[in-house]
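Below is one structure, written out as structure tokens; the observations come after it.
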Number of protein chains: 2
Amino acid sequence: MRIRVDWRSSCSLSGTVLKWLAVPLSAPLVLAVIDGSDPTPFVVAVIVTALVGLSLERLSVDRDLGQREAFLMVALTWLCVAVIGAIPFFVAGVGTLAHPINALFESTSGLTTTGATVLEDFDAHSRAIMLWRQLLQWLGGLGILVVAIGLLSNLMVGGAQLMETETQTRNVRKLRPHIADTARLIWGLYVGLTVLAAATFYALNRLGVAPEMTLFNAVSHALTSVSTAGFSPEAESVGAFSPIVQWSFVPFMILGATNFVLLYYVVQGNYFQPLKNEEFRFYVGVLAAFSLLVVGVLSVDSSFDRGLEPTIRHGVFNVVSMVTTTGYASVDFDLWSSGAKHILFLCMFLGGMAGSTTCSIKLLRWLVVLKTLYRNLFTSIHPQAVRPVRLGDSVVDEDTITDIFSYVLLVLVIFFLLTIVVVVDAARDPSTAVSEFDALGAAASIFLNIGPAFGMAGPMGSYEGFSVFSKSVMIVMMWIGRIEIIPVLVLLTPAFWKS
Amino acid sequence: MRIRVDWRSSCSLSGTVLKWLAVPLSAPLVLAVIDGSDPTPFVVAVIVTALVGLSLERLSVDRDLGQREAFLMVALTWLCVAVIGAIPFFVAGVGTLAHPINALFESTSGLTTTGATVLEDFDAHSRAIMLWRQLLQWLGGLGILVVAIGLLSNLMVGGAQLMETETQTRNVRKLRPHIADTARLIWGLYVGLTVLAAATFYALNRLGVAPEMTLFNAVSHALTSVSTAGFSPEAESVGAFSPIVQWSFVPFMILGATNFVLLYYVVQGNYFQPLKNEEFRFYVGVLAAFSLLVVGVLSVDSSFDRGLEPTIRHGVFNVVSMVTTTGYASVDFDLWSSGAKHILFLCMFLGGMAGSTTCSIKLLRWLVVLKTLYRNLFTSIHPQAVRPVRLGDSVVDEDTITDIFSYVLLVLVIFFLLTIVVVVDAARDPSTAVSEFDALGAAASIFLNIGPAFGMAGPMGSYEGFSVFSKSVMIVMMWIGRIEIIPVLVLLTPAFWKS
Ligand SMILES: [K+]
Ligand SMILES: [K+]
């Protein structure tokens, strides 16, 4: 068999990314030196990433990626960065992270902006290790933005395909025809939002209303809120902070899951541009509707008796956290009533807007699904009628619709198979109590890159209790989920390698 | 608002069906007289159905149904027959059936060929009542055959649309261009298969290998096996019979879920026609693969220690029962290991072949879904390639593909929402123990018209324990599931009534 895909180019470009990974790795290295903790884990990682990166980079000089090479490059880069990202955790070898599968789980969970943790004793780890955890998420968010909007946008199912149907995106592309410009624009917005978040959080500390929000905490949470990623150096997540701090997280989670092209318009002064966008209106409506629903359920729940403001706050915060796929928790929602927990569970499948750092299915796809279902009902009554599905001013073409339905169906089927793997695997060991609902939650949370779930994997819990087998499967599923399945499935297609 | 749909025609045709319902109702009436049990329940039902039927029939003389009128007629007929079918149960008023919701549940479960029961004390009911229960299922199976292949075939999503792409169907239509002929052909096959099943079962009795298989039992089970419906007058279902009887059920369940057009070919002497059909080969492959899987899991399960033949028999029987959506059980599979139960659960979503009495999603749709997914992977590597999805010799058109994906997605989403309703409703009452898995099973079993599930609703259990609210929702969902969602959704679309 002659391999026709130019895998050398893909590896070479992945190598460049790995080489540059030394730069973010130097941040925790410096912090370790300042704090007087052990810098070895980061020194090892820098050396490995530089060596691997430079070696891979040499595989090719001509790095003009076609469709197939781009798929391979995306899959490969996420995988390699996750493995190298695990090195500091493994070398430091503190607590549960000393096990290589746990180290890889934490690193993959970070890079894929999932936020599921295997940590148990949060205080045992150095600040440098905790910062690396947060930084991995921020890098993962940036990576997905680049894939979703910039360089490789045409690879995401219904992502840019759809965004191109939106007039504003086309205009942006006209304005800034060069990929490098688009990437710079996105990068600038992302850095700007992160700085704004850190400044806001730390300002609350300086104003005296957030004594726990140290500079370290402010930066750490800025890194994982704008990236809708959800790791926290605090064992109690955002529940560790005062009400006003909890409220201050909400806008940053919402912004992180908003299409960055829309944010660009706002920065340019077109403040009402988002309101003209159908997906944005749907996004706001979904957040409002589900918040209202959870607040309603909590307020009639006698076991959750906390007064008006806390009920609204916890309802809104955790719905926003789930829909945007951030995965912070303001309270242990695993203790909520069955109804409230099931609504949060449904929120997991929504996701924010396409073209953002959000994970899960994304509202753009759901919007097309809903519109197509309604269209098909109409044409089943009027078989002769031709009625295209419209989004904003544009017509969504039928191939894109099939792609979107395929994608949503694939997500649901794979999520369900993962649930079965987790629950059947757990049933073999009578000492782990994983109910069907816990397994559904964990599978959704892992595959849709959200983070916490229910039961053992609840917001105050840890994934450490799952078997090594289950955790290994979860690592693969976080990776597949984050790069939206297709690049991995394509790699498994014989036609990818031949012809 | 002026209503533009000709609802009078729809009601009139439903009336004709209701009028004729008096004929099958007279069978249990006669049995009641022979047995000396109370005939009143059936007398009342005959009078009601005749009166309602004749009144509705008079609403229109011109009964030329368009697309919309046909939708309305299908939805209405299933609903009315279910309500009238409940009258004997309610009037007899024995045991759990004395409650009107339970009577309607049993009747709807019967007519929709679901086979979920609220009976608890099977011996308390007269043979006439038990026969009516079985007859309702046989009528439901016949009704769906008429809808799927005959009269209204173009209404089913991807059903006849797809069958028309199969050359053999087109040939049958050429051979027998009249709807009445098609209906007669189907009706003949269905009656023939039922008689063959009854004769086979009773022959086993006369041969002395099945003492429990009385003539009543033979007829009762023939009525519900060929219709893939699953009610049994025995509390232990098919577990009440000897191994050879259990084996003898397997071919009739398989035949009931085989496309009747293919069976017609075999009857005509084209014995190898089925093997040329791609869906049939897929059907046989699915049955074999899942049987093998369950037999394998059972044989390594130390708690299921029954020897080789029983392991194979129970594995094959229950997989065939689930895939064909019959819902008989040869053993209490609720006691099986988590792995075996989850495989059975997955089987629920498959269904047999289109154009049969089977329920659930059906393998024709899954085949198109799989082929489309593979096609889309191919075109994501080769964006310029045009590669239609083929089934047998024909190309499946893209509109049909979108319809099928919409349908499968709708089924999964509605199933999941039903699960949540059931489990959250059950959680309000601490005395009912409905786990998430029990709720998943019950929701799938109800909505996909299979019958038994797990836990309380297991094959030896009863749906009686669910709340009146949950049971009412289930009644609606059995109805929606059986007529394949779209006719009901269409009725809720404003465009149906206007324009
Ligand atoms: K997350
Ligand atoms: K059934």
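As the structure is a prediction and not an experimental result, all values here were calculated from the model. Throughout, protein chains are lettered first and strands after them, A, B, ... in sequence-line order, and every chain is numbered starting at 1.
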Return the [atom1] to [atom2] distance between [X] and [Y], rounded to the nearest 0.5 Å.
X	Y	atom1	atom2	result
B:Thr419	A:Glu436	OG1	CD	10.0 Å
B:His342	A:Leu417	NE2	CG	11.0 Å
A:Arg428	B:Ser338	CZ	OG	11.0 Å
B:Thr493	A:Leu377	OG1	CG	4.5 Å
A:Glu398	B:Asp399	CD	CG	6.5 Å

Side chain, backbone, both or neither: which part of [X] has a non-hydrogen atom closer than 4.5 Å to chain A?
X	value
B:Val369	side chain
B:Leu489	both
B:Leu346	side chain
B:Ile343	neither

Do [X] and [Y] make a side-chain contact, defined as non-hydrogen atoms from C-beta onward lying under 4.5 Å apart?
X	Y	value
B:Ile486	A:Asn376	no
B:Thr372	A:Phe405	no
A:Leu440	B:Leu440	yes

Under a 4.5 Å heavy-atom cut-off, does chain B meet the side chain of A:Leu412, its backbone, both or neither?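 Just the side chain, heavy atoms under 4.5 Å.
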
Measure across B:Ser406 and A:Leu373 and return the closest heavy-atom pair with its distance rounded to 0.1 Å. CB-CD2, 3.5 Å

I'd like to know whether the aromatic ring centres of B:Phe345 and A:Phe416 sit less than 6.0 Å apart in this structure. yes

